[in-house]
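In this text the structure is predicted, and so the values were computed from the model without any measurement. Below, chains carry the letters A, B, ... as their sequence lines are ordered, and counting in each starts from 1.
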There are 4 protein chains.
Amino acid sequence: MEVRMDGLNPSGEDVREAIFKSAVELFARRGYYATTIRDIVDRAGVTQPMVYYYFGSKEELFVSCVKELFYRISCEYKKVPMEQPIEKYLWEFITVGNDIYAKSPESILLMINYIHYPEEYPRFSDIKELVAKPMEVLKNAIEYARQNGEVRQEINPISASMTVLGALTLARTLHYIHNFIMDIDLDVDTEFVSNQIQKIVTRGILSN
Amino acid sequence: MEVRMDGLNPSGEDVREAIFKSAVELFARRGYYATTIRDIVDRAGVTQPMVYYYFGSKEELFVSCVKELFYRISCEYKKVPMEQPIEKYLWEFITVGNDIYAKSPESILLMINYIHYPEEYPRFSDIKELVAKPMEVLKNAIEYARQNGEVRQEINPISASMTVLGALTLARTLHYIHNFIMDIDLDVDTEFVSNQIQKIVTRGILSN
Amino acid sequence: MEVRMDGLNPSGEDVREAIFKSAVELFARRGYYATTIRDIVDRAGVTQPMVYYYFGSKEELFVSCVKELFYRISCEYKKVPMEQPIEKYLWEFITVGNDIYAKSPESILLMINYIHYPEEYPRFSDIKELVAKPMEVLKNAIEYARQNGEVRQEINPISASMTVLGALTLARTLHYIHNFIMDIDLDVDTEFVSNQIQKIVTRGILSN
Amino acid sequence: MEVRMDGLNPSGEDVREAIFKSAVELFARRGYYATTIRDIVDRAGVTQPMVYYYFGSKEELFVSCVKELFYRISCEYKKVPMEQPIEKYLWEFITVGNDIYAKSPESILLMINYIHYPEEYPRFSDIKELVAKPMEVLKNAIEYARQNGEVRQEINPISASMTVLGALTLARTLHYIHNFIMDIDLDVDTEFVSNQIQKIVTRGILSN
DNA sequence: TATGAATGAGCTTTCATTCAT
DNA sequence: AATGAATGAAAGCTCATTCAT
């Protein structure tokens, strides 16, 4: 499997890419079991055996998607510099997630779902560390601020980061449901809610 | 013709109950599509047609489960009295959820999953209001405290309740994954984390 | 199984009668395999096991219906007196069938279907002679008229009776389809068509 | 890559054809509901999913069969030239049907059954016109002869054609039952009976 | 007589996957 | 690198029938 340096895809890689994209969207919206290979290839405009040629099986295709997305977002999160007030850090961290969600809600959704679905998705040990990465990045930043005395001692960094990510997760999910699936009672403006979450948590953890 | 005190039919309702219980557990852990009627009846120790006799179809069985669980937890949440400091209210609210989770994690999981799974589960318009209920109960309490001046004016009650519920949701899910599915990196002590969440949010929203 | 002399039915026989009636209607319209025991008992307002109590099985219920109907119509046909011009006889014979069809199209339909459906219905050797009876009655009348010189020698009575019954059968079926099932192109006035059939066949077989 | 002269796909269309043939035979003999997909594929020597690959569903397979057969026979009937004495026309018309019946009784049976079975078969509006076609062809010929004065004015062409087709239908059905299903009392020689029917009807409708 | 509850067998249909080309 | 055709296994569901009362 030849490694390519450029961003362009020859006809061959186009097929692979089309499958990948279509798979992410469908796995995200419908889940692993409710998504069929036919759905994926129809949307991608390719034939069924191509999935097996490029990815080996449905499961491997799924793993590829999840890994790739978790890897990408971890990278983005890591770019946020820790050497700044935790208040600002938090906001930038949240913004990174919001931007990705805005660009392709499915990417975020797939990750959310994967976490919130104990057994629905196939679980693979080599995904473990990837799944925990984003939360770890945030935890490290809060820990760092706590060592600086910026954050109260009694605050447990992992719980704090869980609070932030859990809140965002729910907000984005409800937003998605409201906008794309059904008119549930809660209309969520992600921008505004994100801001509120940041305010609440910041004040909740700051020292003075 | 044995007479029973509980109002249930001698054997009839037992079968129904067994199916229900087994369905909640499996739907919660595996999701709707990955759970088969055969799985459910095998675990319940009954035969397939019984599902159709008592519930009509897989979908109706699922709806029954979700409705019932959302209804039950809403009732519990509503019992928490609003006429007390928001700090205490929050703690009691969180405790109610934790207790249910402790008793039957699957019940909570199913509700969590149902919310976090845009299209995986079948969606039914008559579930809408039930799904939104728990969050509404919490929102009303925060709104009430805000009108009392206990909570800062700039705090938006819906966002605050989303923060609480989202955080708890993620905490419980990670706990479940860690304990029941796979040894993911984050070992979560729900008691402790709940306490932290309550602390952070309380401080984050209180007036002074 | 007590034999009853009167036409009244006690509550017991009511159930049996209700099942029978409902069965005839449904078997006639939907056929044997497309009619379920549930359909029958629902329409009859009784419970499923009653069918087995009174008739033993679905098949036996069906046999009862077919036998009974063929027997009844044979009796009616036999009442038409042979000692009259074949032209008049034919008309009376046709009229008997039309009257029954008018009163309960399903009775006639069931017989028609049973004949025209080689394997759809279960076949039972003891039904054989009953099925052939109506045609035999007509055949005998024509044979009688032929011996009298009223009908041409070259006419084969069985073929002639087949012509009459086949024509009537098709007419009634198309009438039924048109009126009860779907607006097929051929609107059939049974009275008028019967008259035509009688005219054509009479002239077709008469001597001079 | 073997090239075939008949335009059919090497193996592909063979499978399709085998399913079609087997379906016609079984639907004709047993009816729609008593025929299972398993029966069809077993007889055809193919696997179950092939039915869905080529026809989409049991119902669509059935529709294909009925449509195709009605279409074929209509075409044959239309080939009989109207510009000849109605006596000869009738004979040729009858012969066309007899030939097809001789070659594959099931084809004719399926059409007969479809007409004589009000609700047993699924009914589709787009089959309506096809079903009425053969009778229309015959009706037109008789109408034509009537305008020429060959047929009496008081004869209604539609009733006359109903007489012919109904008679033939019954004759063929009884023949089929006698020969293929059970030894019913009426042994029918289709050739002879057809001849009789033609004689009776011809004389029945002719002018002088 | 009558019933609510229960069942084994079998139905149509779909799925992930592979083969021959 | 790509495809049309094919398949074994299993899904959701229904049916005629029976059991316990």
Chemist: On a heavy-atom basis, which atom in D/Arg29 and which in D/Glu106 lie closest, and how many Å separate them?
Modeler: NH1-OE2, 3.3 Å
Chemist: Find out whether C/Thr47 and C/Val41 are in side-chain contact, i.e. whether some heavy atom of one side chain is under 4.5 Å from a heavy atom of the other.
Modeler: no
Chemist: State whether B/Glu68 and B/Arg72 are salt-bridged, where the test is any N-O pair (Lys NZ or Arg NE/NH1/NH2 against Asp/Glu carboxylate O) under 4.0 Å.
Modeler: yes
Chemist: May I ask you to establish whether C/Lys67 and C/Phe62 are in a cation-pi arrangement, using a distance under 6.0 Å from NZ or CZ to the six-membered ring centre and at most 45° from the ring axis?
Modeler: no
Chemist: Counting Watson-Crick and G-U wobble pairs only, both distances under 3.5 Å, name the nucleotide matched with F/dA20, or none.
Modeler: E/dT3
Chemist: Between F/dT17, F/dA6, E/dT17, spot the one nearest the side chain of D/Val15, thanks.
Modeler: F/dA6
Chemist: Counting the atoms with a prime plus P, OP1 and OP2 as sugar-phosphate, which does B/Arg38 contact under 4.0 Å by heavy atoms, base, sugar-phosphate, or nothing?
Modeler: base
Chemist: Nearest whole angstrom, please: distance from the P of F/dG12 to the CD1 of B/Ile19.
Modeler: 14 Å
Chemist: Reading DNA chain E from 5' onward, which residue's closest nucleotide shows up sooner: A/Thr36 or A/Pro49?
Modeler: A/Thr36
Chemist: Roughly how many Å is it from CD1 in A/Ile40 to C1' in E/dT17, rounded to a whole number?
Modeler: 14 Å
Chemist: May I have the distance from D/Phe55 (atom CZ) to E/dT14 (atom P), rounded to whole angstrom?
Modeler: 16 Å
Chemist: Please figure out whether C/Lys58 or A/Gln48 has its closest DNA chain F nucleotide nearer the 5' end.
Modeler: A/Gln48
Chemist: Please compare C/Asp39 and A/Gly45 by the position of their nearest nucleotide in DNA chain F and report the one closer to 5'.
Modeler: A/Gly45
Chemist: What are the two closest non-hydrogen atoms of D/Cys65 and D/Leu110, and how far apart are they?
Modeler: CB-CD2, 4.1 Å
Chemist: So, is B/Tyr33 close to the E/dC15 phosphate, meaning a side-chain N or O under 4.0 Å from OP1 or OP2?
Modeler: no
Chemist: Rounded off to whole Å, could you give me the CD-to-C1' distance for the B/Glu60 and F/dC13 pair?
Modeler: 13 Å
Chemist: Atom CD1 of A/Ile37 to atom P of E/dA16: distance rounded to whole Å?
Modeler: 5 Å
Chemist: Given the P atoms of E/dT1 and F/dA20, what is the spacing between them in whole Å?
Modeler: 22 Å
Chemist: What's the closest nucleotide to the C/Tyr54 side chain, out of E/dA2, E/dA6, E/dT17?
Modeler: E/dA2
Chemist: Rounded to whole Å, please give me the gap between CD in B/Glu59 and C1' in F/dA11.
Modeler: 15 Å
Chemist: Using whole Å, what does the distance between atom C1' of nucleotide F/dA2 and atom CZ of A/Arg16 come to?
Modeler: 16 Å
Chemist: Roughly how many Å is it from CE in C/Met50 to C1' in E/dG4, rounded to a whole number?
Modeler: 12 Å
Chemist: At less than 4.0 Å, is any side-chain N or O atom of D/Tyr52 found next to OP1 or OP2 of F/dA6? Yes or no.
Modeler: no
Chemist: Can you see if the side chain of B/Tyr53 gets near the phosphate of E/dA5 - specifically, an N or O under 4.0 Å from OP1 or OP2?
Modeler: yes
